[in-house]
S.K.: 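Structure provided below as structure tokens; questions to follow.
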Amino acid sequence: MTPAEQIAALRERIRHHEERYYIHTDPEISDAEFDALMRELVALEVQHPLLVTPESPTQRVSGRPAEGFATIAHAEPLLSLDNAYDEGELRAFDERVRKGLGLDADARVTYIAELKIDGLSIALTYEDGRLVRGVTRGDGVQGEDVTVNVRTIRAIPLRLRGVAPARLEIRGEVYLPNRSFARINEERERNDEPVFANPRNAAAGTMRTLDARLVSTRGLSMFAYQVVAPDGDPASLLATQTATLTALAAWGLPVEPHHATCVGIDEVVAFCAAWADARRDLEFETDGVVIKVDDVGSRAVLGATSKFPRWAIAYKFPAQQATTRVTRIDLQVGRTGAVTPVAVLEPVFLAGSTIAMATLHNQQEVARKDIRPGDMVLIEKGGDVIPKVVKPIVSLRPEGAEAPAPFVMPASCPVCQSPLQRPDEEVVWRCENPSCPARLRRSLEHFAGRKAMDIEGLGEALVDQLVSAGLVRDFADLYALDAERLAGLERMGQKSAANLVAELERSRTHDLSRLVFGLGIRHVGERGAQALARAFGTLDAIAGASVEQLQSVDDVGPVVAASVRAFFDAPATGELVERLRAAGLNFGAPVDPDADHGVKPLAGTTYVLTGTLASMTRDEAQAHLERLGARVTGSVSKKTTAVVVGADAGSKLAKAESRGVPTLDEQAFRALVGV
DNA sequence: TCCCCTCGAGTTCA
DNA sequence: CTCGAGGGGA
């Protein structure tokens with residue numbers, strides 16, 4: 001045998017044993033024997049360095065720590081799934097599927113039910129059978145490149161078995177087996193390190209580690225469940241999910257073995273019911289069952305809503321519950337002045353974390369559930385992370401003189417004592433004092449937030465200090481801070497002070513939309529701020545716009561428009577705006593009405609198409625309009641900028657004429673879009 | 001006028 | 001993530 005052949009044979013044997021150990025959890029040889037094989041391979045590779053490839057099992061652990069993770073866009077977004085919480089919702093899903101596929105009520109759709117692993121989603125790319133990249137789910141559109149860490153996970157093959165497409169994206173879930181989780185926490189406890197709350201947190205924390213060596217010791221594993229069509233070609237997808245899982249296993253990827261092909265929804269329901277209890281014996285945590293239409297062709301027919309595919313649903317096992325005592329009910333004051341009651345709980349461990357607080361949303365909610373300070377309550381954590389108080393356990397409530405009094409909303413703000421207001425028809429009580437210290441703090445945090453002015457380092461703790469020290473009374477005061485004054489604060493050295501000043505400096509040039517969002521105008525969120533900035537160009541134009549002009553902006557209706565107007569009409573706003581201007585913030589540039597160099601000249605307009613155009617299809621016409629930033633809708637309303645009228649126009653033309661909406665003929669339309 | 005969808009706002013723990 | 005409200009289409 002040549003050295004190359006020897007090395008290849010060894011790698012093959014090692015991979016085989018890795019699979020036995022990490023995928024089938026049924027090793028054929030002892031750890032010592034396995035280590036011996038590895039040492040043999042290392043020795044050979046040392047002698048023949050040219051034969052070392054990145055797919056060699058010896059290359060799993062990279063010696064060099066990575067320098068943070070690069071952000072990578074997914075070829076196809078990782079959608080999340082709609083949830084079902086009970087049998088009824090599962091049956092409703094089945095009905096939607098049958099309707100979507102045009103099947104009778106008694107038809108039985110073939111589904112595949114897979115346990116939903118509680119870990120973190122990962123997208124693996126294989127080129128010519130070799131693992132070249134691992135990316136986290138991130139926000140679904142882009143994730144972090146964690147290839148170095150993924151390569152250390154023994155369940156994941158560095159090289160696929162058999163014949164695989166030249167380029168292949170595999171999706172799956174990285175998780176930490178319960179056994180590894182227990183071991184890690186024991187170690188951490190011994191070393192006086194904080195323990196992980198649950199396996200998922202431990203897995204997520206591990207994947208974020210920049211030290212691949214550490215990752216390799218943690219014992220992460222993975223299950224694969226999806227193949228993304230190479231180059232997005234649906235025809236090349238495997239025909240069924242069952243076939244996909246078989247193919248994944250054949251390529252040497254770990255596949256969770258307890259999946260079942262179910263004919264008809266009854267079998268799915270039974271599967272979910274069976275695993276709600278049986279899951280406790282598994283080596284990993286699962287919080288539900290993923291149900292997919294098995295036939296891939298049917299999936300294309302069903303399509304997706306804007307948020308979820310219509311051919312799959314995630315059934316969540318019933319929420320885990322616990323009982324504890326409400327020690328008292330606190331009140332929090334938010335940025336908009338909303339006063340929120342919060343239950344302070346005797347800490348209780350529930351489904352992976354210790355719960356000490358739970359929001360009670362508003363007074364109505366507290367009254368409806370009749371939760372009183374001192375009550376024992378049932379709390380639960382469903383599929384989501386945020387715990388909620390289900391109900392008080394009334395039978396445990398003392399009677400007579402001992403009975404706790406029902407919760408009453410105070411008449412004045414717990415922070416500034418100004419009277420609380422609640423408009424008729426609304427649920428939320430608000431502190432209307434714009435200079436309420438609590439509101440000021442929350443407002444400053446919002447202003448500095450990542451989606452607003454993105455001032456790193458200016459978080460809750462620092463805001464608190466700045467306000468307490470009287471250094472900051474409004475947004476503009478932030479820009480008067482200098483390193484000298486900051487350095488006097490607690491836990492604030494020269495370095496952090498200088499950093500903050502630099503961050504403030506950087507924030508001056510941010511887009512106008514961030515400033516508008518940061519101002520915290522009621523009913524104006526991230527999107528609304530973008531729409532306003534885009535439509536008016538400058539802060540002065542927004543501030544000077546009439547309610548009618550504001551309403552002409554897409555997605556701005558009477559409520560939002562009135563709120564914007566009220567904000568700029570408030571006595572304190574004028575001075576604030578001037579001080580922000582003096583601080584050199586980016587107030588935007590006027591919109592150039594006839595600018596068409598690369599920008600979107602039709603931004604903020606809405607067109608309706610009717611009739612048949614001679615020179616292009618309706619889709620093409622729509623694409624032209626959208627390319628220029630216009631929106632195209634299906635029916636004429638007062639928001640319609642103009643109706644494009646082709647031959648044989650229908651009722652939309654009549655409607656446009658009766659409402660005085662301008663019309664464009666084909667020639668005028670082509671001039672507008674420049675074709 | 002009603003319904004659907006999107007957006008805003010509030011929020012827990014590590 | 002969820003609830004509720006606002007916007008806009010039917």
Side-chain angles (χ1 to χ4, degrees), chain A residues 80-83 85 139 185 188 193-206 208 287 305-308 314 316 319 330-345 347-362 364-365 368 379-389 423 425-430 438-439 442-443 445-446 449 451-452 460 516-517 519-532 550-564 606 608 631-640 651-652 655:
Chain A
S80 53
L81 298 182
D82 201 359
N83 291 318
Y85 291 95
D139 60 6
N185 266 357
R188 290 176 77 87
E193 288 169 311
V195 295
F196 288 113
N198 54 51
R200 185 165 51 115
N201 282 3
T206 303
R208 269 199 300 272
D287 57 351
T305 67
S306 60
K307 272 166 105 170
F308 308 116
K316 295 291 188 85
D330 270 1
L331 293 163
Q332 288 177 354
V333 182
R335 152 174 84 83
T336 63
V339 176
T340 312
V342 178
V344 179
L345 307 168
V348 59
F349 190 81
L350 174 61
S353 57
T354 305
I355 313 297
M357 267 202 255
T359 178
L360 297 170
H361 300 291
N362 54 60
Q364 198 178 289
E365 175 91 354
R368 194 169 56 79
I379 63 172
E380 72 175 25
K381 239 165 65 165
D384 50 336
V385 201
I386 296 168
K388 62 178 180 195
V389 177
E425 316 285 311
E426 274 194 34
V427 179
V428 176
W429 286 87
R430 286 179 198 280
R439 293 187 58 180
R442 299 291 94 77
S443 301
E445 286 164 21
H446 171 78
K451 293 185 164 177
E460 195 179 331
V516 175
F517 178 52
L519 289 174
I521 305 167
R522 275 247 267 153
H523 304 297
V524 177
E526 199 188 350
R527 294 309 204 85
Q530 282 167 6
L532 290 170
L550 289 165
Q551 274 202 64
S552 72
V553 177
D554 238 351
D555 298 328
V556 175
V559 176
V560 177
S563 172
V564 172
T606 305
V608 173
R631 251 169 45 118
V632 176
T633 60
S635 68
V636 180
S637 73
K638 63 176 191 287
K639 301 254 153 139
T640 308
S651 63
K652 290 181 207 163
K655 200 163 184 181

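Chain A is the first sequence line, chain B the second, and so forth, proteins listed ahead of strands; every chain is numbered from 1. Being a predicted model, the structure only gives us computed values, none of them experimental.
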S.K.: What nucleotide, of C/dG6, B/dG10, B/dC13, holds the atom closest to the side chain of A/H523?
M.R.: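 Looking only at side-chain atoms, A/H523 lies closest to C/dG6.
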S.K.: Nearest whole angstrom, please: distance from the C1' of C/dT2 to the CD of A/E380.
M.R.: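 In whole Å, C/dT2 C1' lies 13 Å from A/E380 CD.
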S.K.: Looking only at the side chain of A/T336 (C-beta and beyond, no hydrogens), which of the listed nucleotides B/dC13, C/dG6, B/dG10 gets closest?
M.R.: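 Between B/dC13, C/dG6, B/dG10, the one nearest the side chain of A/T336 would be B/dG10.
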S.K.: Which whole-number value in Å describes the distance from A/M357 CE to B/dG10 P?
M.R.: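 Those two atoms, CE and P, are 16 Å apart.
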S.K.: For the pair made of NZ in A/K388 and P in B/dT12, what is the distance, rounded to whole Å?
M.R.: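 After rounding, the gap between these two atoms is 14 Å.
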S.K.: If you check every side-chain atom of A/V560, which of B/dG8, B/dG10, C/dG6 has the closest atom?
M.R.: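 Of the options given, the side chain of A/V560 lies nearest C/dG6.
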S.K.: Just to verify, what does A/V348 make a side-chain contact (heavy atoms from CB on, under 4.5 Å) with, not counting sequence neighbours?
M.R.: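 Listed in chain order: A/A322, A/T324, A/I355, A/I379.
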S.K.: Should A/T336 and A/R430 count as side-chain neighbours, where that means a heavy-atom distance under 4.5 Å?
M.R.: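 In contact.
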S.K.: Answer yes or no: does a side-chain N or O of A/Q332 lie under 4.0 Å from OP1 or OP2 of B/dG10?
M.R.: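 No, outside the criterion.
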S.K.: Between A/L360 and A/T340, is any pair of side-chain heavy atoms under 4.5 Å apart?
M.R.: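 Answer no - side chains too far apart.
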S.K.: Could you state the CD-P distance from A/E460 to B/dG10, rounded to the nearest angstrom?
M.R.: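 Going from A/E460 (CD) to B/dG10 (P), I get 14 Å.
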S.K.: So which nucleotide from B/dC13, C/dG6, B/dG10 ends up closest to the side chain of A/V559?
M.R.: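 The listed nucleotide nearest to A/V559's side chain is C/dG6.
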S.K.: Quick check for you: among C/dG8, C/dG6, B/dT12, whose closest atom lies nearest to any side-chain atom of A/D555?
M.R.: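 Among the listed nucleotides, the one closest to the side chain of A/D555 is C/dG8.
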S.K.: Any chance CZ of A/R527 has more than 12 other-residue heavy atoms, nucleotides or ligands included, within less than 6.0 Å?
M.R.: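 Counting other residues, nucleotides and ligands, CZ of A/R527 stays at 12 neighbours or fewer.
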S.K.: Separation of A/H361 atom NE2 from C/dT2 atom C1', in whole Å?
M.R.: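 Computing the A/H361:NE2 to C/dT2:C1' distance gives 7 Å.
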S.K.: Mind checking what makes ring-ring contact (aromatic ring centres under 6.0 Å, His included) contact with A/H446, not counting sequence neighbours?
M.R.: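 Result, ring-ring contact (aromatic ring centres under 6.0 Å, His included) vs A/H446: A/F517.
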S.K.: What is the separation between atom CG on A/L360 and atom C1' on C/dG4, rounded to the nearest whole Å?
M.R.: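 Computing the A/L360:CG to C/dG4:C1' distance gives 17 Å.
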S.K.: Toward the 5' end of DNA chain B, which comes first, A/F517 or A/A358, by nearest nucleotide?
M.R.: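 The 5'-side residue here is A/F517.
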S.K.: Output the rounded distance in Å from CZ (A/R442) to P (B/dG10).
M.R.: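 For the pair A/R442 CZ and B/dG10 P, the rounded distance is 10 Å.
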S.K.: What integer distance in Å separates A/L345:CG from B/dC13:C1'?
M.R.: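 In whole Å, B/dC13 C1' lies 13 Å from A/L345 CG.
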S.K.: Assign A/G205 to base, sugar-phosphate, or nothing according to its heavy-atom contacts below 4.0 angstrom with the strands shown.
M.R.: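 Here A/G205 touches no strand at all.
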S.K.: B/dG10, B/dT12, B/dG8: which one has an atom nearest the side-chain heavy atoms of A/T340?
M.R.: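 Between B/dG10, B/dT12, B/dG8, the one nearest the side chain of A/T340 would be B/dG10.
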S.K.: Do any side-chain nitrogens or oxygens of A/R527 fall under 4.0 Å of OP1 or OP2 in B/dG8?
M.R.: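 So the side chain of A/R527 is outside the cut-off, no N or O lying under 4.0 Å from OP1 or OP2 of B/dG8.
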S.K.: Heavy atoms from C-beta onward define the side chain here; which of B/dT12, B/dG10, C/dG6 lies closest to that of A/V342?
M.R.: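 Closest nucleotide to the A/V342 side chain: B/dT12.
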